[in-house]
Amino acid sequence: MALTAVKGFNDILPVESGRWHFIEQTARKVFELNGFEEIRVPVLEKTELFSRSIGDATDIVEKEMYTFTDKGENSITLRPEGTAGVMRAFIEHKLYAQDPIAKLYYMGPMFRYERPQKGRYRQFHQIGAEITGVTDPLADAQVLNMLTAFFREIGLTEPTLQINSLGCPECRPEYRVSLRSFLEEKMGQLCDDCRRRFAANPLRTLDCKVPGCAEATAGAPSVLDHLCGGCNDHFATVRRYLDLSATPYSINSRMVRGLDYYTRTTFEMVTMLLGSQSAVAAGGRYDGLIAQLGGPAIPGIGFAMGLERVALLLTNQDFASRPDLFIATMGEGERDVAFSLMDALLKSGIRVEMDYEGKSLKSQMRRADKLKAYYSVVIGGNEASSGKAAFKRMADGFQTEALLTVAAIQVLLNTTEQ
RNA sequence: GUGGCCAUGGUGAAGCGGUUAACACAUACGACUGUGACUCGUACAUGCGAGGGUUCAAAUCCCUCUGGCCACCCCA
């Protein structure tokens with residue numbers, strides 16, 4: 001094996017790219033309908049951006065980032081997620097001065113140094129959307145509805161929406177205290193990982209998959225019972241709006257986020273189909289993030305979805321595009337006629353293929369079949385001089401005489417349902 | 001970072017110590033002298049992830065490395 005790609009970095013081959021385009025185009029359509037505009041930010045940022053936003057103690061920052069020192073001795077990092085960079089740009093360009101309410105979406109590669117696995121790679125792609133400047137639960141509901149609409153648009157009903165509220169800097173500390181004191185009693189029953197989590201991030205013990213831990217934490221206090229008045233009202237209103245729009249969801253009070261900046265509403269689109277990579281999209285509110293990054297005190301909410309994971313859920317569909325017409329030729333002079341015809345058809349937006357190598361008619365017809373052309377036509381001496389030819393519908397072999405003109409061919413293609 | 005499983009051509013694979021690495025699909029050309037799909041024929045791994053070792057003999061046994069998959073961790 002000569003040269004291979006870097007571990008966890010994948011090529012998206014032509015057989016896959018049709019599916020990717022479909023996902024990306026659907027996202028653009030749904031997001032733009034909701035008033036979101038694309039923002040394109042760099043793949044590389046100063047390391048500090050991520051340690052300050054995602055959180056120093058998170059696994060992502062602690063051990064999963066591609067961090068390097070560049071030739072100017074600056075510590076730089078390949079973005080492990082999208083929100084931080086988008087908010088950096090929002091602050092840097094003072095987008096809030098024009099309008100504190102910004103609705104932004106982005107798509108592109110993210111990088112995390114993890115052990116590759118099904119639905120998880122070191123370079124992976126996310127499509128995300130963010131709304132800044134709105135505290136009202138209306139924004140939460142619109143984001144959730146938009147995410148739901150996206151999955152409906154691409155034809156997936158499988159991932160289901162789970163929501164939770166993590167509270168705010170007011171009420172979360174109190175919850176942590178009460179959860180810790182509950183867990184202290186159960187220490188003996190917890191797994192090693194959970195004992196470690198107890199210190200670092202006690203909320204994490206709640207979604208441990210070890211049966212013993214699940215049992216031990218069964219009666220644990222719920223975040224939702226410890227929300228302060230404001231957070232409680234906020235969450236209740238989010239739910240009311242979701243009900244108003246008949247958006248299906250379930251509440252999962254054990255759902256936890258891996259990034260530190262989340263507050264209040266958090267959510268995931270989860271599926272059973274991808275093994276342990278059950279989260280296809282996830283996000284939440286981050287009311288303190290912009291200020292934390294040195295911007296004004298503007299709230300935000302958003303999500304990101306994993307393109308690879310969505311693509312994995314779509315594998316049964318065929319997204320290949322097919323030529324409208326394949327032109328086969330007999331003889332050198334006729335190739336000029338065929339080429340001119342192809343050129344004219346392409347200029348009119350008709351997808352045409354023809355033989356490139358002067359192969360036998362049989363080879364050309366085989367190629368027409370392989371490319372799944374809707375029609376084929378043979379241009380030889382007779383056709384070149386008469387200016388008309390028999391167009392063969394490949395599906396059933398039916399042939400129709402038509403003039404070798406763009407107009408006549410357009411009519412022919414349009415009268416047949418493709 | 002931890003653990004389990006696996007590595008034969010473009011693909012799916014047979015082979016389980018002994019001359020030319022089965023079969024199928026895919027691909028190329030042809031039988032069909034102006035027409036695809038069906039049928040038939042021919043071609044297509046000096047090579048069995050890489051490197052060592054055992055043996056008269058290794059794709060087949062042993063070791064190391066590399067890679068892949070899956071699970072844990074974590075996460076989109």
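- A donor-acceptor contact shorter than 3.5 Å links the side chain of Arg19(A) to the backbone of Leu314(A).
- rC6(B) and rC48(B) are spaced 15 Å apart, taking the C1' atom of each and rounding to whole Å.
- Nearest nucleotide to the Arg197(A) side chain, out of rC74(B), rA28(B), rG36(B): rC74(B).
- For the pair Ser360(A) and rA28(B), the criterion of a side-chain N or O lying under 4.0 Å from OP1 or OP2 is not met.
- Taking side-chain N and O atoms only, Arg366(A) has a distance below 4.0 Å to OP1 or OP2 of rA37(B).
- In this entry rG34(B) has no Watson-Crick or G-U wobble partner, no candidate having both defining distances under 3.5 Å.
- Between the C1' atoms of rA45(B) and rU20(B), the separation comes to 13 Å (whole Å).
- Across all strands, Gly119(A) comes closer than 4.0 Å to base atoms (heavy-atom distances).
- Remark: side-chain polar atoms of Glu92(A) are not paired, donor with acceptor, to backbone N or O of Met87(A) under 3.5 angstrom.
- Applying the Watson-Crick and G-U wobble criteria (two distances, each under 3.5 Å), rC44(B) pairs with nothing in any strand.
- The CZ-P distance, from Phe151(A) to rA76(B), rounds to 13 Å in whole Å.
- Side-chain atoms of Glu114(A) lie closest to rA76(B) of the nucleotides rG30(B), rG36(B), rA76(B).
- Rounded to whole Å, the P atom of rU2(B) lies 26 Å from the corresponding atom of rU8(B).
- Taking for each of Arg309(A) and Asn382(A) the nucleotide of RNA chain B with the nearest heavy atom, the 5'-most of the two is the partner of Asn382(A).
- With rounding to whole Å, Arg367(A) atom CZ is found 11 Å from rU27(B) atom P.
- Arg79(A) has its CZ atom 13 Å from the C1' atom of rA76(B), to the nearest Å.
- Using a cut-off of 4.0 Å between Lys/Arg side-chain N and Asp/Glu carboxylate O, Asp140(A) and Arg285(A) are scored as salt-bridged.
- Spacing between atom CG of Leu312(A) and atom P of rA76(B) amounts to 17 Å, rounded to whole angstrom units.
- Here rU11(B) presents its P atom at 12 Å from CG of Leu13(A), a figure rounded to the nearest Å.
- Here Gly397(A) lies in heavy-atom contact (under 4.0 Å) with a base.
- As rounded to whole Å, 15 Å separates atom P of rC32(B) from atom CG of Leu361(A).
- With both ends at atom C1', the span from rA21(B) to rU60(B) equals 11 Å, rounded to whole Å.
- Base contact: Glu383(A) has a heavy atom under 4.0 Å from a base atom.
- Side-chain contact check for Asp369(A) versus Met394(A): some heavy-atom pair is nearer than 4.5 Å.
- Looking only at distances, no side-chain donor or acceptor of Asp343(A) sits under 3.5 Å from a matching main-chain atom of Phe339(A).
- rU11(B) and rG68(B) are spaced 15 Å apart, taking the P atom of each and rounding to whole Å.
- Note: CD (Glu130(A)) to C1' (rA76(B)) measures 13 Å, nearest angstrom.
- When atom types are taken as modelled, the side chain of Glu130(A) and the backbone of Tyr105(A) share no donor-acceptor pair closer than 3.5 angstrom.
- Lys362(A) has a side-chain polar atom (N or O) that falls below the 4.0 Å cut-off from OP1 or OP2 of rG36(B).
- Within the nucleic acid shown, Ser376(A) has no heavy atom closer than 4.0 Å to any nucleic acid atom.
- Leu259(A) comes within 4.0 angstrom of sugar-phosphate atoms only, judged by non-hydrogen atoms across all strands, and of no base.
- Using a 4.0 Å cut-off between charged nitrogen and carboxylate oxygen, Asp59(A) and Lys63(A) count as a salt-bridge pair.
- Atom pair Asp59(A):CG and rA76(B):P shows a separation of 11 Å (rounding to whole Å applied).
- Using the Watson-Crick or G-U wobble rule with both distances under 3.5 Å, rG10(B) pairs with rC25(B).
- Using a 4.0 Å heavy-atom criterion, one finds that Glu64(A) contacts the sugar-phosphate atoms exclusively.
- Listed pair Lys118(A) / rA71(B) fails the phosphate criterion, with no side-chain N or O lying under 4.0 Å from OP1 or OP2.
- Counting any heavy atom pair closer than 4.0 Å across all strands shown, Ala328(A) reaches no nucleic acid atom.
- Under a 3.5 Å cut-off, the side chain of Ser348(A) and the backbone N or O of Ile350(A) do not form any donor-acceptor pair.
- Among the atoms of the strands shown, only primed sugar atoms or phosphate atoms (P, OP1, OP2) are found under 4.0 Å from some heavy atom of Ala304(A).
- Side-chain proximity of Arg257(A) to the nucleotides rG68(B), rU27(B), rA76(B) is greatest for rA76(B).
- Not a single donor-acceptor contact under 3.5 angstrom links the side-chain atoms of Gln117(A) to the base of rG68(B).
- When the side-chain nitrogen and oxygen atoms of Arg115(A) are compared with OP1 and OP2 of rA71(B), none of them lie within a distance under 4.0 Å.
- Across all strands shown, rU2(B) forms a Watson-Crick or G-U wobble pair, both distances under 3.5 Å, with rA71(B).
- By the 4.5 Å heavy-atom criterion applied to side chains, Phe303(A) and Leu144(A) are not counted as neighbours.
- Nearest-nucleotide positions on RNA chain B for Lys63(A) and Val280(A) put Lys63(A) closer to the 5' end.
- Shown here, rU54(B) forms no base pair; nothing in the strands shown gives a Watson-Crick or G-U wobble contact with both key distances under 3.5 Å.
- Rounded to the nearest Å, the gap between the C1' atom of rC69(B) and that of rC61(B) is 25 Å.
- For the OP1/OP2 pair of rU35(B) and a distance below 4.0 Å, the side-chain nitrogens and oxygens of Gln399(A) include no atom meeting the criterion.
- Checking the phosphate oxygens (OP1, OP2) of rA28(B), a side-chain nitrogen or oxygen of Lys370(A) falls inside 4.0 Å.
- A distance of about 22 Å separates the C1' atoms of rU66(B) and rG10(B), rounded to the whole Å.
- Between rC44(B) and rG52(B), the two P atoms lie 29 Å apart (nearest whole Å).
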